[in-house]
Amino acid sequence: MKPIFPFLLILLFWSCNDSSINKEDLHYLNGYWEISEVEFPDGSIKEYGMNTSIDFIQLKEEKGYRKKMKPQFDGTYDTSKDVENFEVSDINETFTLRYKNEFSEWEEKLVELDSVSFSVINQEGVTYKYKRFEPIKIPQ
């Protein structure tokens, strides 16, 4: 009975894990996002309140880009000229964002994704959690 217990425990964990991402969900990445939290491999967490910059992500089929934006009080955005291009790859039903520029290459594994949030984990084990950006509305 003892040798079966660890196997059953692993099986139970896998069956309860409902965070699978479907290819049809990838369109949720499109839009404006702000970082909400970073979790480091040692378990420590850095929470973000208000962000001065946000990410704009545009994805079409398996290719996309990410760009830093600064929201303005009038509802417009200042944008940087820097663009991070990426490709989405599907390996064993795990989606990975692969970035490549003239200076470096890196990957982020898509861990969670829905219409209001997503998270990725990088090669160093750092998890970045994002929430859909909601502009501040100032009454006039």
Side-chain angles (χ1 to χ4, degrees):
M1 180 70 177
K2 283 187 181 183
I4 296 174
F5 182 74
F7 174 76
L8 291 175
L9 190 60
I10 292 170
L11 185 62
L12 177 66
F13 175 77
W14 279 342
S15 65
C16 291
N17 188 359
D18 193 25
S19 64
S20 64
I21 299 169
N22 297 317
K23 188 172 184 172
E24 295 79 29
D25 296 334
L26 292 177
H27 75 279
Y28 288 134
L29 284 173
N30 289 315
Y32 297 92
W33 297 94
E34 64 180 317
I35 193 162
S36 60
E37 175 179 296
V38 176
E39 184 175 346
F40 298 94
D42 66 0
S44 62
I45 294 175
K46 179 177 181 179
E47 293 188 23
Y48 288 79
M50 187 173 206
N51 294 300
T52 59
S53 68
I54 59 172
D55 289 339
F56 175 74
I57 298 176
Q58 182 66 49
L59 178 67
K60 188 171 184 177
E61 297 176 11
E62 283 89 32
K63 295 186 184 224
Y65 66 90
R66 174 183 253 172
K67 193 169 198 165
K68 292 289 184 193
M69 313 286 277
K70 289 190 177 200
Q72 305 298 302
F73 288 113
D74 64 359
T76 62
Y77 299 91
D78 277 346
T79 180
S80 72
K81 294 180 182 175
D82 297 328
V83 175
E84 296 175 337
N85 293 306
F86 66 89
E87 292 185 13
V88 177
S89 62
D90 178 4
I91 301 170
N92 298 327
E93 298 181 13
T94 299
F95 292 96
T96 301
L97 308 179
R98 298 181 188 276
Y99 295 88
K100 182 178 182 180
N101 63 31
E102 59 187 88
F103 304 110
S104 66
E105 295 181 31
W106 68 99
E107 297 180 353
E108 296 176 326
K109 178 182 158 192
L110 201 52
V111 180
E112 293 180 9
L113 175 63
D114 60 36
S115 64
V116 295
S117 65
F118 80 93
S119 63
V120 293
I121 187 167
N122 69 14
Q123 294 158 306
E124 289 81 31
V126 179
T127 301
Y128 295 88
K129 296 182 180 183
Y130 293 84
K131 64 182 179 181
R132 182 81 56 193
F133 174 70
E134 293 291 330
I136 298 172
K137 296 186 173 138
I138 300 174
Q140 297 185 8

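These values consider heavy atoms only, across backbone and side chains, with no hydrogens, waters or symmetry-generated copies.
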Quiz item: Looking at residues at least two apart in the chain, or sitting in another chain, which of them share a salt bridge (Lys or Arg N to Asp or Glu O under 4.0 Å) with Glu34?
Solution: none
Quiz item: Who pairs with Lys23 by salt bridge (Lys or Arg N to Asp or Glu O under 4.0 Å), at least two apart in sequence or on another chain?
Solution: Glu62
Quiz item: Mind checking what makes ring pair (Phe, Tyr, Trp, His ring centres under 6.0 Å) contact with Tyr32, not counting sequence neighbours?
Solution: Phe56, Tyr77
Exercise. Indicate, with yes or no, if Leu59 and Val83 share a hydrophobic cluster defined by side-chain heavy-atom contacts under 4.5 Å among Ile, Leu, Val, Met, Phe, Trp and Tyr.
Key: no
Quiz item: Is there a path from Ile57 to Tyr28 through hydrophobic residues (I, L, V, M, F, W, Y) whose side chains come within less than 4.5 Å of each other?
Solution: yes
With [X] via side chain to side chain contact (heavy atoms under 4.5 Å, CB included) - residues at least two apart:
| X | result |
| --- | --- |
| Ser44 | Phe40, Asp42 |
| Ser117 | Asp114 |
| Glu47 | Glu37, Ile45 |

Exercise. Kindly indicate, with the supporting measurements, whether the criterion side chain to side chain contact (heavy atoms under 4.5 Å, CB included) is fulfilled by Leu110 and Leu26.
Key: CA-CA 10 Å; Leu110 201 52; Leu26 292 177; 3.8 Å; yes
Practice problem: Sort and list the pairs that fulfil salt bridge (Lys or Arg N to Asp or Glu O under 4.0 Å) and have at least one residue in residues 71-92, not counting sequence neighbours. | Solution: Lys63-Glu87
Shortest non-hydrogen contact from [X] toward [Y]:
| X | Y | result |
| --- | --- | --- |
| Pro41 | Gly125 | CG-O, 3.7 Å |
| Leu97 | Val88 | CD2-CG2, 3.6 Å |
| Val38 | Val126 | CG1-CG1, 3.4 Å |

Could I get the full list of side-chain hydrogen bond (donor to acceptor under 3.5 Å, both in side chains) partners for [X], not counting sequence neighbours?
| X | value |
| --- | --- |
| Asn85 | none |
| Ser89 | Arg98 |
| Glu124 | Asn122 |
| Lys68 | Asp55 |

Spacing of [X] atom [atom1] and [Y] atom [atom2] [to the nearest 0.5 Å]:
| X | Y | atom1 | atom2 | result |
| --- | --- | --- | --- | --- |
| Ile54 | Lys131 | CD1 | NZ | 12.0 Å |
| Lys60 | Tyr65 | NZ | OH | 11.5 Å |
| Lys109 | Thr96 | NZ | OG1 | 7.5 Å |
| Thr76 | Met69 | OG1 | CE | 9.5 Å |
| Ile35 | Ser119 | CD1 | OG | 11.0 Å |

Exercise. Can you establish whether the number of heavy atoms outside Lys67 located under 6.0 Å from its atom NZ is more than 12?
Key: yes
Quiz prompt | Under 3.5 Å: donor-acceptor pair, side chain of Gln72, backbone of Lys70 | solution = yes
Practice problem: Scan residues 89-121 for pairs that pass ring-ring contact (aromatic ring centres under 6.0 Å, His included), counting only residues two or more places apart or in two chains. | Solution: Trp33-Phe118, Phe86-Tyr99, Tyr99-Trp106, Phe118-Tyr130
